[in-house]
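Single-structure report; data block below.
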Number of protein chains: 2
Amino acid sequence: MKVTLKTIAEEAGLSITTVSRALAGYGDVNEDTRRRIVAIAQRLGYQPNLAARHLRSKQTRTIGMVIPLTSYFSDPFFMELLSGVGRQAAEYGYDLLLSAQQPGEEELSAYRRMVASSRIDGVVLARVLADDPRIAFLKEARHPFVAFGRSNANDYPYIDVDGATGVYRLVEHLVARGHRRIAIILSPRTLAFTTARFEGYQRALNEAGIALAGQYIVESDLTQEGGRMAAQRLLDLPSPPTAIVACNDAMAIGTMQAIRACGRVVGRDVAVAGFDDIPTAAFTDPPLTTVRQPIYDIGRRALDMLVCVIRQEPLDEAHVLLVPELIVRQSSGAPPSR
Amino acid sequence: MKVTLKTIAEEAGLSITTVSRALAGYGDVNEDTRRRIVAIAQRLGYQPNLAARHLRSKQTRTIGMVIPLTSYFSDPFFMELLSGVGRQAAEYGYDLLLSAQQPGEEELSAYRRMVASSRIDGVVLARVLADDPRIAFLKEARHPFVAFGRSNANDYPYIDVDGATGVYRLVEHLVARGHRRIAIILSPRTLAFTTARFEGYQRALNEAGIALAGQYIVESDLTQEGGRMAAQRLLDLPSPPTAIVACNDAMAIGTMQAIRACGRVVGRDVAVAGFDDIPTAAFTDPPLTTVRQPIYDIGRRALDMLVCVIRQEPLDEAHVLLVPELIVRQSSGAPPSR
DNA sequence: GTTGACACCCAAAACGTTTTGGATTATCGT
DNA sequence: ACGATAATCCAAAACGTTTTGGGTGTCAAC
């Protein structure tokens with residue numbers, strides 16, 4: 001019932017070796033027999049047993065990704081990245097092995113399992129930490145991987161968005177609209193990109209001749225609810241900011257909720273801007289000004305790079321840095337929509 | 001360098017068999033030796049080679065899903081389903097193997113590959129067709145699977161949302177708001193759930209004493225752009241509808257664009273309703289009235305069922321039918337927001 | 001002293017593939 | 001006619017695990 005090389009070999013009156021080599025397209029098998037073998041394989045609906053193949057040949061044509069469980073559902077970021085990676089993986093004939101895990105220890109051990117049990121040929125890693133144990137592990141294990149994001153020790157292939165420039169343009173834009181009291185809701189310091197985004201904020205304020213004010217710098221956890229609470233604190237200040245930049249769109253949406261909750265109008269009383277340009281951003285009320293990270297394309301390019309690494313081909317660019325695009329919508333202070 | 005059972009066996013001065021059985025927790029190995037073996041395994045960082053294990057034991061602890069490539073990116077539906085399935089899979093210690101494929105032949109052959117190459121223990125299948133070759137194949141192959149959706153021949157385990165009731169409530173709600181000219185933008189007829197949703201539409205109109213009008217029934221492709229174009233046609237009618245029900249939220253959002261494009265106001269001039277309650281639905285302008293499909297939970301429950309099927313345990317319910325919840329927001333004709 | 005019963009351990013086969021290192025013919029130049 | 005070369009084919013090993021079907025030693029009971 002199960003059709004293996006052996007079945008075909010018997011059917012064709014040939015050896016398993018020959019069948020194997022014929023199907024693999026080696027040159028040392030007669031073209032006629034090859035065709036005959038292929039025909040039989042087709043007829044019997046032969047599919048190679050991948051476990052056996054992997055066991056023998058030590059490659060799996062599978063890419064691994066670990067998705068943090070907490071943000072799994074709520075986070076459009078991973079979904080979009082996954083789409084890009086998955087799409088491109090399909091292009092190369094690779095499959096995608098997902099493992100949803102609690103961040104932290106759990107997550108690291110998921111990588112450990114995937115790598116050591118040789119289930120995957122490579123890893124795409126996202127949302128890198130400033131000091132990332134997962135990267136340390138993969139480097140140590142000499143296992144192919146590509147990261148979305150730079151960390152402190154960045155001697156590995158990565159693709160990243162220039163967050164500093166992104167936030168810089170955002171703040172520049174707000175300054176041009178006349179804002180002086182501009183607050184920022186940062187992502188957790190442990191994340192590698194936080195530093196860059198904060199840098200952009202500092203640089204823009206500096207060039208505009210605005211002093212950095214500690215009270216306008218808060219930190220939250222990238223969720224909508226976290227953004228709402230952080231914004232609340234900012235709005236309760238004796239001299240509240242007139243513009244709030246959030247380090248991602250989810251927190252920006254939370255910020256908009258907080259603003260509405262205290263009876264003020266987003267875009268008129270307080271400007272709001274985010275980062276990412278998730279699909280929802282275009283449909284908030286008012287639509288959200290943000291910085292577009294082409295996450296989907298990043299996923300695809302990350303996979304391109306990963307495949308190179310796996311094949312041990314030289315990478316034309318081991319460090320890709322994309323300049324994000326400023327997307328101005330109504331939340332940053334256009335006259336009330338329509 | 002690679003640590004296998006053999007490495008441990010040598011280290012411990014025991015046979016591979018004993019090491020294997022010790023780690024698997026069989027009773028026929030001395031508790032002391034077992035502990036010693038476990039300690040060594042730990043120390044050397046042993047991870048079983050899954051390819052070998054699968055080759056031998058014919059089970060992979062992996063669930064397969066095929067995602068249609070076209071709707072992959074744009075479609076929040078699959079992302080959310082994936083989240084639920086992935087989450088619950090992690091709970092059971094299963095991994096998730098994704099394959100992004102063109103719908104149609106390609107997709108079917110992806111299933112064929114996955115199944116025949118014995119990479120997966122089971123399949124979660126979504127968006128079933130009225131007459132679904134994938135289901136036919138999986139039944140034929142006697143491979144464990146659970147579907148999200150019923151089809152014509154539904155003698156297989158599935159979980160589904162009662163689309164008829166969902167649309168019925170939607171239309172009922174619109175009728176209560178005084179609408180009489182209610183149009184519907186259907187999903188493609190090939191999809192199994194289209195029939196049910198249309199049925200709900202018919203029933204509701206019937207009970208309200210409204211005659212079915214062919215001109216108010218159009219069909220589109222579940223995308224935002226498709227919805228926009230379909231709505232355009234409806235709005236160009238000599239006697240255009242005052243309310244439009246779309247079979248999913250994406251098309252509803254397209255509908256809202258079309259309405260705005262011809263200078264009318266959503267919720268005042270024309271009511272709009274969708275189906276799914278995707279995350280974006282709450283943030284459109286105005287927020288979208290829709291029917292909530294708990295896709296995430298459906299994913300989790302589908303996986304629960306699948307695990308039962310894989311383990312050959314009896315299912316307490318082989319056919320789960322959820323009644324969806326009506327979510328009334330401003331797009332269906334509330335007074336202009338705020 | 002023999003016999004079971006029991007606890008503990010192991011050799012070898014099997015899973016289905018790829019790869020290595022020839023073996024067997026046929027063909028050909030001389 | 002004879003070695004050489006090329007064209008085909010194949011047996012056997014290897015990958016790392018689980019499982020089968022014992023084997024060995026100890027100990028109590030007779």
Side-chain angles (χ1 to χ4, degrees), chain A residues 1-38 40-41 44-62 93 95 112-121, chain B residues 1-38 40-41 44-62 112-121:
Chain A
M1 47 145 295
K2 186 120 229 154
V3 30
T4 72
L5 287 182
K6 195 171 163 202
T7 325
I8 301 177
E10 279 164 4
E11 183 82 9
L14 291 166
S15 76
I16 291 178
T17 308
T18 305
V19 174
S20 171
R21 298 185 73 82
L23 293 176
Y26 278 75
D28 66 349
V29 25
N30 187 291
E31 186 53 26
D32 284 348
T33 35
R34 202 189 66 78
R35 266 201 284 272
R36 196 159 58 89
I37 287 171
V38 170
I40 296 177
L44 301 184
Y46 169 72
Q47 292 288 349
N49 178 310
L50 293 182
R53 173 176 287 181
H54 299 161
L55 177 57
R56 181 56 230 226
S57 61
K58 269 116 177 39
Q59 56 142 328
T60 61
R61 294 196 79 77
T62 303
D95 284 319
R112 219 183 280 282
R113 253 199 342 269
M114 277 190 176
V115 169
S117 61
S118 44
R119 288 196 82 175
I120 52 173
D121 292 348
Chain B
M1 45 146 291
K2 186 122 227 153
V3 30
T4 72
L5 286 183
K6 195 169 161 202
T7 325
I8 301 178
E10 280 164 5
E11 183 83 9
L14 291 165
S15 76
I16 291 179
T17 308
T18 305
V19 175
S20 172
R21 297 185 73 83
L23 292 175
Y26 278 74
D28 66 350
V29 24
N30 187 292
E31 186 52 27
D32 284 348
T33 33
R34 202 189 66 78
R35 265 202 284 273
R36 196 158 59 88
I37 287 171
V38 169
I40 295 177
L44 301 184
Y46 169 73
Q47 292 289 348
N49 179 311
L50 294 182
R53 174 176 286 180
H54 298 161
L55 176 58
R56 183 54 231 225
S57 60
K58 269 117 176 41
Q59 55 142 327
T60 62
R61 294 196 81 77
T62 304
R112 219 182 280 281
R113 251 198 344 266
M114 276 189 176
V115 169
S117 61
S118 44
R119 287 196 83 175
I120 52 174
D121 293 347

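Since the structure is predicted, the reported quantities are computational estimates derived from the model, not experimental observations. Here is how names work: the chains are called A, B, and so on, in the same order as the sequence lines, proteins then strands, and each is numbered from 1.
Rounded to whole Å, the distance from OH on Y26(B) to C1' on dG21(D) is 14 Å. Here dA7(D) presents its C1' atom at 13 Å from CZ of R21(A), a figure rounded to the nearest Å.
Among the heavy atoms of the strands lying under 4.0 Å from D28(B) is at least one base atom, whether or not backbone atoms are also near. Here T4(B) lies in heavy-atom contact (under 4.0 Å) with sugar-phosphate atoms only. Within 4.0 Å (heavy atoms only), L14(B) reaches sugar-phosphate atoms of the nucleic acid but no base atom.
Rounded to the nearest 0.5 Å, atoms CG (N49(A)) and CG (L55(B)) are 6.0 Å apart. Between atom OH of residue Y46(A) and atom CD1 of residue I40(A) there is a gap of 13.0 Å, rounded to the nearest 0.5 Å.
Residues I37(B) and L14(B) form a side-chain contact, since some pair of their non-hydrogen atoms from C-beta on lies under 4.5 Å apart. Considering only heavy atoms from C-beta on, R53(A) stays 4.5 Å or farther from S117(B) through its side chain.
Taking a pair as Watson-Crick or G-U wobble with both distances under 3.5 Å, DNA chain C forms stems of 3 or more consecutive pairs at C:1-30 with D:1-30.
Residues L5(B) and S20(B) approach most closely at CD1-CB, 3.8 Å, considering heavy atoms. Minimum interatomic distance between D32(A) and N30(A) (heavy atoms only, all atoms of both residues): N-OD1, 2.6 Å.
If you check distances only, the side chain of T17(A) does reach the base of dA11(D) with a donor-acceptor pair under 3.5 Å.
Contacts of A116(B) classified as side-chain contact (heavy atoms from CB on, under 4.5 Å), with partners at least two apart in sequence or in another chain: Q47(A).
In summary, contact between chain B and DNA chain C, defined as any nucleotide atom under 4.0 Å from a heavy atom of the protein, begins and ends at dC8(C) to dG16(C) in the 5' to 3' direction.
Position along DNA chain D of the nearest nucleotide to S15(A) versus K2(B) favours S15(A) as the more 5'-ward residue. Comparing I16(B) and L55(B) against DNA chain C, the residue whose closest nucleotide sits nearer the 5' end is I16(B).
More than 12 heavy-atom neighbours from other residues, nucleotides or ligands sit within 6.0 angstrom of NZ on K2(B).
Side-chain contact check for T62(A) and R119(B): at least one donor-acceptor pair (N or O, by modelled atom type) lies under 3.5 Å.
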